Q: 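One structure follows; several queries about it will come next.
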Amino acid sequence: MSKNNELVDDLVAKLKRRQLVGSSTVAQATLKLLIVVISKNNWTTCNQLVTLVKSVGRRLVQANPTELAVGNIIRRVLHVIREEFREAESIASHMDQNETHSAPLTTSSSMYNLLGETGSTPAEKNVQYPSSLRSNIIQEIREIKDELENIYENIKNQASLQIHSNEIIMTVGRSKTVEEFLKMAAVKRKFQVLVAESAPSYSGQEMALELSKAGIETTVIPDSAVFAVMSRVNKVILGTHAVLANGGLVAISGTHMMAAAAKHHSIPVVVCTGLYKLSPLYPYDEDSFNVTFNPDSVLGFEEGDLIEKVTVTNPYYDYVSPDFVNLFITNQGGHPPSYLYRLIVENYDPNDHTFDL
Amino acid sequence: MAENFDVVTTYKSLLLNSPELSMPVAAIQSLVELIKHSKATTMSEFMLSIKDASQQLKSSVRNSISLSAENSQDVADFEIWKKTLIIRGQSFVEKADACRYKIADLGVPFIKDGSVVLIHAHSRVVSLLLQKAAENHKRFKVFVTESSQTQGGIRSAKVLRAAGIPTTIILDAAVGYVIDKVDMVLVGLINQIGSYQMAIVAKAANKPFYAVAESYKFVRLFPLNQYDLPTYNADTLSFQELNVDQSSLTKEDGTIPAVSTSSTGSAPSQTALHMKTSEDRASQGSNPLVDYTPPSYITLLFTDLGVLTPSGVSDELIKLYL
């Protein structure tokens, strides 16, 4: 059990109460907590540490399952831990001069290898890990933290490659990533942005305000006009709440409609996202990662007569299937949706896709 | 050498005795039997007998590929090596079963409550997946194509009904008719004949098309069209002639798996057609047992390596054969 229960409880409560929302904030808070947990607790083996992180992780994920970034960060940390232990083990076995076979900690590859394996692999070896292991792991996790902090830098640097002069760009909702991206592009280029107002949260209006403050020619359009003006748009640039393993998006409601309109007009759809939003989970069904919000903004209590007679729902997210997206701009460059599986393999360990211990 | 040991008979008896067994696994198992019986003392003699047997089995190139991977071993401790090979072959056979269960576990969350699933012919792993979903108290309905060549659909329906899943058998030609009622398409062997047209219909109707396959069924092939499958390999992937003598027709008892990998007679394709006259046969021409479904039609693959996108499979393949 973790020694830092109060800290974990605190974050769990904040996630549950939705005091902490938004992928970026949530990701950073999770990482900060994990650094404390890993440095303040006693552990000697890989299994111990993985179990510790997973037990904390599971509580955080259960606190708000729709904040997929929490799970992603935990998986990233677990991946780092496994890598570091693997490295330490291979060094240790090298020193012992019995480098015949260093057992990989994960044996998830295919059955083919069964026939080609050179011997049985012991599950847990008695390796003396170097004392630097702990600091190495913390160091690696701090690198993830740096990556999170510099995520906008890396994404917005690609802006001038994607946006050309005199283009008309369309977007929906308010995304910090897209905002930074467009502002960066505006430094070099002159272009026009159409923002769907994104009712009922009207976050699109806030977005438009921010963009116009940065000197970008911005027009707010009602959500219902998206299809009508799509024909004159050059590019749709979207933010997202999460990216799923198949390249599907969980993004603010209205995104699906905009992506479908863009597809109808063969307008390229570009999604700006940090890699921490990339989840190894699959969309089992469209509603699995959705939340419904307070419907007050759709139909308020002042409409008392009507409210008795109708059901009002206010789903916050849309699921957008991967065939609507042409390109993902991540902090590691541009990738088509079909390449995302590769990024998942590189960033997460297949054993960590679910937090079953 | 294995003069007194017939691989093909072993293979067939294995399949007959346990219809639960999948063909590549049976092939491996019979090869293991062969190794046990083999009196070879040198590497090349051994490899020769294995290759010979694989040729006889004509099951697939895969087996010999993975076996030839062993070639780099030291000849000196040949006897020991032979023993380890036997053990490993056996563990392969055991794991094959386990991986089917793993796939079923992975696939269950995709079956939504109240959904309708369309499946094709008979596949052990698909049946297992659906059975597991039913065990997890998912309520769903299944449409299964009759699959007239092998009557696999009827077998599937039996299995699924036994598990308490409401199952309707439909004609192969009725896939387009039912597709609007269906929420997802689930196929086992991606190359069982009819999969391709099912995938096209599913795509046209915007329904997800999931393929379920054990990773040992991955093959390093890059077919460019339907007729590009390796026909040299075996009858598995070629057009089956319908000129089959009556005796093999009567022998049919449904225990022969969907796609026969054996090289000799008893191809299961003919039962349903019941060709009476030779003219009928001639006019029928030839009927393939397998077709090729291009990756663009496949939404996701459920494998023992996890849920993969079609592009993810190529990555795993590269890993396997590197």
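Just so it is clear, the structure is predicted and the values come from calculations on it, not from any experiment.
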Q: Give me each pair satisfying salt bridge (Lys or Arg N to Asp or Glu O under 4.0 Å) with a member in residues 242-258 of chain A, each pair once, sequence neighbours excluded.
A: none
Q: CG of A:N246 to OG of B:S311: how many Å apart, nearest 0.5 Å?
A: 10.5 Å
Q: Considering only heavy atoms and a distance below 4.5 Å, find which of B:T303, B:I111, B:V307, B:L308 pairs most often with chain A.
A: B:V307
Q: Taking everything shown except B:K141 itself, do over 12 heavy atoms lie less than 6.0 Å from its NZ?
A: no
Q: Applying a criterion of heavy atom separation less than 4.5 Å, what residues of residues 325-344 of chain A form contacts with chain B?
A: A:S338, A:Y341, A:R342
